[in-house]
J.: 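Below are the structure tokens for one structure; questions will follow.
Everything numeric here is computed off the predicted structure, so don't read it as measured data. The chain is numbered in sequence order, starting from 1.
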Amino acid sequence: MAAKIGYDEVEVGTELPAGSFPLTRATLVRYAGASGDFNPIHWNEKFAKEVGLPDVIAHGMFTMAEAVRVVTDWVGDPGAVVEYGVRFTKPVVVPNDDKGALVEVSAKVGAKLDDNRVRIDLTATSAGQKVLGMSRAVVRLA
């Protein structure tokens, strides 16, 4: 598989299609099983509140992975992502109801680099708050 987007097709400021990613308690349980991260702050409301959290929170690495889907869907090849990093700024609180939480992600080309690479700057929010800071991916385009 190779990147479907050509380096010459993008400019600084090019916006990627935004993404919305719903999270429920069931989503968190499935991620815990897949990742092996069974920390009770991700599934036990009583425990999460006892340690000072407002409620159960999503796994940071899961939030990070969901956010980069905007980039991988756009470029067409997950292997085109050569660097990715974030700072966790706020937790994604996942209430125990029919709706859960929603992580909304927007992204744009922040810089054109050498070797057909671009830096993508991402913004991820949930409940109106920025949940990832300094979220950036470097992608090698066709």
J.: Same cluster or not: are Val93 and Met64 linked, directly or through other Ile, Leu, Val, Met, Phe, Trp or Tyr residues, by side-chain heavy atoms under 4.5 angstrom apart?
T.: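 No.
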
J.: Please say which of Thr27, Leu102, Val105 ends up in a side chain to side chain contact (heavy atoms under 4.5 Å, CB included) with Phe21.
T.: Val105

J.: In the structure I gave you, are the side-chain heavy atoms of Val92 and Val103 within less than 4.5 Å of one another anywhere?
T.: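 In contact.
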
J.: Quick one: are Val75 and Leu141 in side-chain contact, heavy atoms under 4.5 Å?
T.: yes

J.: Would a single hydrophobic cluster contain both Val68 and Met61, if residues Ile, Leu, Val, Met, Phe, Trp and Tyr are joined by side-chain heavy-atom contacts under 4.5 Å?
T.: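 Same cluster.
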
J.: Please lay out, stage by stage, how Val131 and Thr125 fare under the test side chain to side chain contact (heavy atoms under 4.5 Å, CB included).
T.: CA-CA 5 Å; Val131 295; Thr125 61; 5.8 Å; no

J.: So that I can tick it off, tell me whether Lys46 and Asp55 are bridged by a salt bridge, with the cut-off set at under 4.0 angstrom between side-chain N and carboxylate O.
T.: no

J.: Enter the distance from Lys130:NZ to Arg87:CZ here, rounded to the nearest 0.5 Å.
T.: 10.5 Å

J.: Kindly determine whether Ile120 and Lys108 satisfy side chain to side chain contact (heavy atoms under 4.5 Å, CB included), including the steps that lead there.
T.: CA-CA 6 Å; Ile120 307 295; Lys108 65 182 178 180; over 6 Å; no

J.: Verify, without hydrogens or angle tests, whether Trp43 (side chain) and Phe38 (backbone) share a donor-acceptor contact under 3.5 angstrom.
T.: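 Yes; at least one donor-acceptor contact below 3.5 Å.
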
J.: What is the distance from atom CD1 of Ile57 to atom CZ of Phe88, rounded to the nearest 0.5 Å?
T.: 10.5 Å

J.: Give the ring-plane orientation class for His42 versus His59, where under 30° counts as parallel, over 60° as perpendicular and anything between as tilted.
T.: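 It falls in the parallel class, under 30°.
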
J.: About how many Å separate CD of Glu83 and CZ of Arg119, when rounded to the nearest 0.5 Å?
T.: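 Result: 11.0 Å between the selected atoms.
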
J.: For the residue pair Thr89 and Gly133, what are the closest heavy atoms and their distance?
T.: CG2-N, 3.5 Å

J.: Would you confirm whether Arg69, through its side chain, and Gly19, through its main-chain N or O, come within 3.5 Å as a donor-acceptor pair?
T.: no

J.: Would a 4.5 Å heavy-atom cut-off, applied to side chains only, mark Ser35 and Phe62 as touching?
T.: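 SC-SC contact between Ser35 and Phe62 ruled out.
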
J.: Locate the shortest heavy-atom distance separating Glu104 from Ser20; write the atom from each residue and the value.
T.: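 Distance-wise, the nearest heavy atoms are CG-OG, 3.9 Å.
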
J.: Identify the heavy atoms of Ala2 and Asp77 that sit nearest to each other, and give their distance.
T.: CA-OD2, 3.4 Å

J.: Check Arg140 with Asp115, please: is the shortest side-chain N to carboxylate O separation under 4.0 Å?
T.: yes

J.: Test side chain to side chain contact (heavy atoms under 4.5 Å, CB included) on Glu45 and Asn96 and set out the steps.
T.: CA-CA 9 Å; Glu45 185 174 330; Asn96 191 19; 4.2 Å; yes

J.: From the options Val118, Val109, Ile5, select the one residue that forms a side chain to side chain contact (heavy atoms under 4.5 Å, CB included) with Thr14.
T.: Val109

J.: Identify whether Val86 and Val138 are in the same connected component of the hydrophobic contact network (ILVMFWY, side-chain heavy atoms under 4.5 Å).
T.: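 Different clusters: Val86 never reaches Val138 through Ile, Leu, Val, Met, Phe, Trp or Tyr contacts under 4.5 Å.
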
J.: What's the spacing between Asn39 CG and Asp37 CG if we round to 0.5 Å?
T.: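 Spacing of CG (Asn39) from CG (Asp37) equals 6.0 Å.
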
J.: Please report the closest heavy-atom contact between Ala67 and Ala124, naming both atoms and the distance.
T.: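 Result for this residue pair: CB-CB, 4.5 Å.
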
J.: What I'd like to find out is whether the side chain of Leu16 reaches to under 4.5 Å of the side chain of Val71, using heavy atoms alone.
T.: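 Sidechains of Val71 and Leu16: in contact.
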
J.: Are the side chain of Glu9 and the backbone N or O of Gly6 linked by a donor-acceptor pair below 3.5 Å?
T.: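 It does hold such a pair.
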
J.: Looking at OG1 of Thr24 and NZ of Lys99, how far apart are the two atoms once the value is rounded to the nearest 0.5 Å?
T.: 14.0 Å

J.: What's the verdict on side chain to side chain contact (heavy atoms under 4.5 Å, CB included) for Thr63 and Tyr31, showing C-alpha distance, side-chain angles and the deciding distance?
T.: CA-CA 11 Å; Thr63 304; Tyr31 180 80; over 6 Å; no

J.: Could you measure the distance from the CZ atom of Arg136 to the OH atom of Tyr84? Nearest 0.5 Å is fine.
T.: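 Taking CZ in Arg136 and OH in Tyr84, the distance rounds to 12.5 Å.
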
J.: Do any N or O atoms from the side chain of Lys4 and from the backbone of Ala142 form a donor-acceptor pair under 3.5 angstrom?
T.: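 No, the answer is negative, given that no donor and acceptor are paired below the 3.5 Å cut-off.
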
J.: Shortest non-hydrogen contact from Gly100 to Val94?
T.: CA-CG1, 4.3 Å

J.: For the residue pair Leu132 and Leu122, establish whether any side-chain heavy-atom pair is separated by less than 4.5 Å.
T.: no

